[in-house]
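The structure appears right after this line, and notes come after that.
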Amino acid sequence: MADTLPKGYEPRDVEERWRAHWQDNKTFTPDPDAPGDPYCIVIPPPNVTGALHIGHALNQTLIDVLCRHARQKGKNVLWVPGTDHAGIATQNVVERALAREGKTRQDLGREAFIERVWQWREDYGHRILNQIRALGASVDWTRLRFTMDEGLSRAVRKVFVQLFNEGLIYKGDYIINWCSRCHTALADDEVEHEPHRGKLWKVRYHLADGSGEIVIATTRPETIPGDTAICVHPEDERYAHLVGKSAIVPVLGRHIPIIADSYVDREFGTGALKVTPCHDHNDWALGRTHKLEFLQVIDENGVMKAEAGPYAGLTKEACREKIVADIEAAGDLLDVEELDHAVGHCYRCHTVVEPHVSTQWFVATTKMAPAARAAVPELTRILPESWAKTYYRWLDNIRDWCISRQIWWGHRIPAWTCAQCGRLIVSEEDPTACPRCGGSDLRQDEDVLDTWFSSALWPFSTMGWPEKTKDLARWYPTSVLVTGFDIIFFWVARMMMMGQHFMGQVPFHDVYLHALVRDESGRKMSKSTGNVIDPLEMIDKYGCDALRFTLTAFAAMGRDIRLSEARIEGYRHFINKIWNAARFALMNLPETAPAPVDLGTVEGLHHQWILHRLEAVKQEMDAALEEYRFNDAAQTGYKFLWNEFCDWYLELIKPDMQDEARKPVAQYVLWTVLRELLLLLHPIIPFVTAEIWHALPVPAGQTATDIALEPWPAARPACVRPDEAARMELIQGVIVAVRTIKAELNISPAHKVSLLLHPADDAQAALLEASQGMIFPLARLESLAIGTDLTAPRASASSVVCGCQVIVPLKGAVDLNGELARLDKELAKLEKDVAGVQAKLHNESFTSRAPAEVVARERERAETLLDNRAKLLALRERFREALGDDGDA
RNA sequence: GGGCAGUUAGCUCAGUUGGUUGAGCACCGCCCUUACAAGGCGGGGGCCACAGGUUCAAGUCCUGUACUGCCCACCA
């Protein structure tokens, strides 16, 4: 006996041991020259500032399942780990730390500040890596990357310079989204629109020629000083006579033109709109088309500029208050309404975003998008497919991407201006002199690049690009990108564009978009709501395998996951179940691996059955994993292990283990099935399977291997035996029937009863005869008789299984009325089924139109049901007589 | 305003190509049966949101309705 496992599974030490083993042995560091089809996934790089949240845990679990499975299937697997420098987020974190010391980044100066961020990363950046490690992610740690490391920075520069030279990066004045707290531009998709209860002010503008007035509606009166036009719809009869005239800006007194544009919605407000080209995206567009004056009145700090006249120096909030009061005093405020509308907020700090005109750098994504769009679905599949539509729509309506950020932490834009002649120099290497005038006073652009710029290069920059590396040749394009749908625009689409442009190939064959993890009532998890589930805490409490299994089991394609701690706790039971099944096996296996037996010709219905089922499960789990049906794979493994292997097979072989003649076969089948089952489950729950695998006996002279390097179990066609499996089901049916009778008649399960079986035919009789050894212990019998000529005591409980009558003579204090009620209930159920099938079969159009195979199956079923019913009716009749006799006697 | 999901047992969710709705947790009853009480055995509980349609047959396909959630969007 090789029992070396403790009674209850204690994941903590086991997991830590395997983590260390895999890392120390570089188990997951692939050799580019090794054989096998390439399989590669790049990790969606978590922010260095981040702590692992449940979304990461889901993402990395699914990737790990895929990678481990691919490795089992003989592929040459590379999983590249890494982190993202997360410009704004990281800068914010460090600035907050500085603030606690009473300092600002300006106090330190740019260089010292950046030094400080690097230091911060030195101190804390490894946390997230430890968390990835804790999850059991089979990443190659030797290829760890960071978006700001030297190689990736070189890639960023090369991409920037090339795109600039190709005219795909340009610098220009544009209205962008400005966060006055982060003090930087934000890309369109970095702005989150939130519903807001605001006000709609209706303000009268007098005509310059004194001939009348026009009333506009605005939600932002503080921008009135920046008005340079009033706009109405060209077909709006109310205002047609005013178009071309001039109006006077309230308080400021400037004269502005009244123009017409079909953009205006006649139904909204008053149908007249004030145009402030510098402080509204739409007005910016109007200003361009109508060649209006551009007047900036709010600065980058949210303070009114000199151009705002009397309001100069006020904050925009104070300005709003004051100008409304002034207009009201002048009698030109006609109405104030409540209005629900969407207001943009910074996705990092949640400050209200101000449209702001400034000089920024842009990538001409409008030119790059068509190729990225065309690649789906032919070159890259998006799964679930429904997301492809979203992807298309975004690319079809894309605007150029603002990539400059007015912060310090990030890739500084490789552009310099010559102080002498003003020449703009964009270069991979830091220039020393101006190529035009030779001047040496070159000033580098102050801005850094959007974090997502470097992320967009991730699939090839991590593999060493622009060098022509072996890794790139071997593993680009990557196999699949696994990520949340929330970054399909930020990241996926941009990787597609950059990958195609610089590698000439899409960056991945598949994109699998997984769910968002929500709390049990469907809310997004967030620290402020206090509903977060911390994966590390879960790992600590229940073990990593329990967490991984839970996430996998709930990862149905296209659906959000509602997670609660109770579920993880529930699946911990499953891990423990495997553990105890293994303990049982070890108690019953020899020190070295049992001698092989030909499994294709093995005797014993239970062995044939479990081997048959194993083949089906093997095939189904493989297919599920290939098709990203993670939940199906998990569920199939769960049911097989618990409901078939543990509940039935382990019980069935207990008697074998007491019989020296049957023991060797049972041992070998047990050993084989358990080992293969561990392999099937290993991608999902790597730790417990590794530990058990290691403890199982191996052939004499060999040493235990690492399950992570073992192949997926091969198919064993000789073990596919549907007939034997069906026969096993009869045996199980009989056993369940006896158990049900006991349970429902309140007979203790431990109480041994006699059992009479009246088989339906000779084949059944022979089968039951041969299977007594299985029925006896599992049904807990005192005696068993099989035959059609047996006379049963009339006071018997009974049931019918596949035409076989199951009769349990009742002795002692048993509630006989209970049995009658039980029979009635069973008959009622049968009656319902019979009615259903017969209705179908009596339906002429069913029998004539349904496929013959379906009709035959229904007929067969009807026959069985009718037969069962007849037998059960007869049994009930006998029982009634018995009751009557007892009553009379 | 547009688009996309979801609606199945008390709760959280499965249900591949249409062919007797399944699981976990919760609940009820009986069991410490020598792998596991984090367990075993048995049980109750569903006109599959609603209304039409296609079909011999619909949870499954089509149309509409009602809620719920998400994404996108330039009604100031």
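Note on naming: letters A, B, ... go to the chains in the order of the sequence lines (proteins, then strands), and numbering restarts at 1 for each one.
- Residue A:Arg739 has a polar side-chain atom (N or O) positioned under 4.0 Å from OP1 or OP2 of B:G42.
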Give each protein N/O atom lying under 3.5 Å from an N/O atom of nucleotides 27-29 of chain B, with the pair distance.
none

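- Between A:Lys577 and B:G40 there is a side-chain N or O to OP1 or OP2 distance below 4.0 Å.
- Note: A:Tyr638 and A:Trp642 meet the aromatic proximity criterion, with ring centroids under 6.0 Å apart.
- By the 4.0 Å N-to-carboxylate-O rule, A:Arg859 lies too far from A:Glu863 to be salt-bridged with it.
- Listed for the A:Arg548 side chain is no donor-acceptor partner under 3.5 Å among the backbone atoms of A:Ile685.
- For the residue pair A:Glu691 and A:Tyr9, no side-chain donor N or O sits within less than 3.5 Å of a side-chain acceptor on the partner.
- Nearest-nucleotide positions on RNA chain B for A:Arg780 and A:Thr847 put A:Arg780 closer to the 5' end.
- Dashed line: the shortest gap from a side-chain N or O of A:Lys654 to OP1 or OP2 of B:A35 is under 4.0 Å.
- Salt-bridge check for A:Glu831 with A:Arg869: passed, with a basic side-chain N closer than 4.0 Å to an acidic carboxylate O.
- B:C72 atom P lies 13 Å from atom CG of A:Asn397, rounded to whole Å.
- Rounded to whole Å, the separation between the C1' atoms of B:G42 and B:U33 comes to 15 Å.
- Within the 4.0 Å cut-off from OP1 or OP2 of B:G24, not a single side-chain nitrogen or oxygen of A:His573 is found.
- If you check every strand for non-hydrogen atoms under 4.0 Å, A:Phe574 touches nothing.
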Test log, rule salt bridge (charged side-chain N to carboxylate O under 4.0 Å, His left out), inputs A:Arg12 and A:Glu10: CA-CA 6 Å; A:Arg12 211 174 308 206; A:Glu10 289 297 337; over 6 Å; no
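- Note: A:Tyr512 and A:His514 have tilted aromatic rings, judged against thresholds of 30 and 60 degrees for the angle between ring planes.
- No hydrogens or angles were tested; on distance alone, a donor-acceptor pair under 3.5 Å links the side chain of A:Glu651 to the base of B:A35.
- The base-pairing partner of B:C32, taking Watson-Crick or G-U wobble contacts with both distances under 3.5 Å, does not exist among the strands shown.
- Note on A:Tyr638: only backbone sugar-phosphate atoms sit closer than 4.0 angstrom, heavy atoms only; bases stay farther off.
- For A:Lys389 and B:C4, a side-chain-to-base donor-acceptor distance below 3.5 Å is absent, hydrogens and geometry of angles not being considered.
- Among the atoms of the strands shown, none is found under 4.0 Å from any heavy atom of A:Arg220.
- A distance of about 24 Å separates the P atoms of B:G44 and B:C50, rounded to the whole Å.
- Residue contacts shown for A:Cys231 are absent, as no nucleic acid heavy atom lies under 4.0 Å away.
- One atom, CG of A:Asn631, and another, P of B:A14, lie 7 Å apart when rounded to the nearest Å.
- Comparing A:Asn282 and A:Trp648 against RNA chain B, the residue whose closest nucleotide sits nearer the 5' end is A:Trp648.
- Note on A:Trp642: a side-chain N or O is less than 4.0 Å away from OP1 or OP2 of B:G40.
- A distance of about 23 Å separates the C1' atoms of B:U60 and B:G69, rounded to the whole Å.
- Heavy atoms of A:Glu744 sit under 4.0 angstrom from primed sugar atoms or phosphate atoms, though from no base atom.
- A cation-pi arrangement, defined by a distance under 6.0 Å to the six-membered ring centre and an angle within 45 degrees of its axis, is present between A:Arg675 and A:Trp671.
- At a threshold of 4.0 angstrom between heavy atoms, the contacts of A:Leu650 include nucleobase atoms, whether or not backbone atoms are also involved.
- Nucleic acid contact for A:Pro777: none, since no nucleic acid atom lies under 4.0 Å from a heavy atom of the residue.
- Residue contacts for A:Val264: at a heavy-atom cut-off of 4.0 Å it reaches a base atom on one of the strands shown.
- Partner assigned to B:G2 is B:C71, using Watson-Crick or G-U wobble distances below 3.5 angstrom.
- For A:Gln635 and B:C13, the CD to P distance is 15 Å, given to the nearest whole Å.
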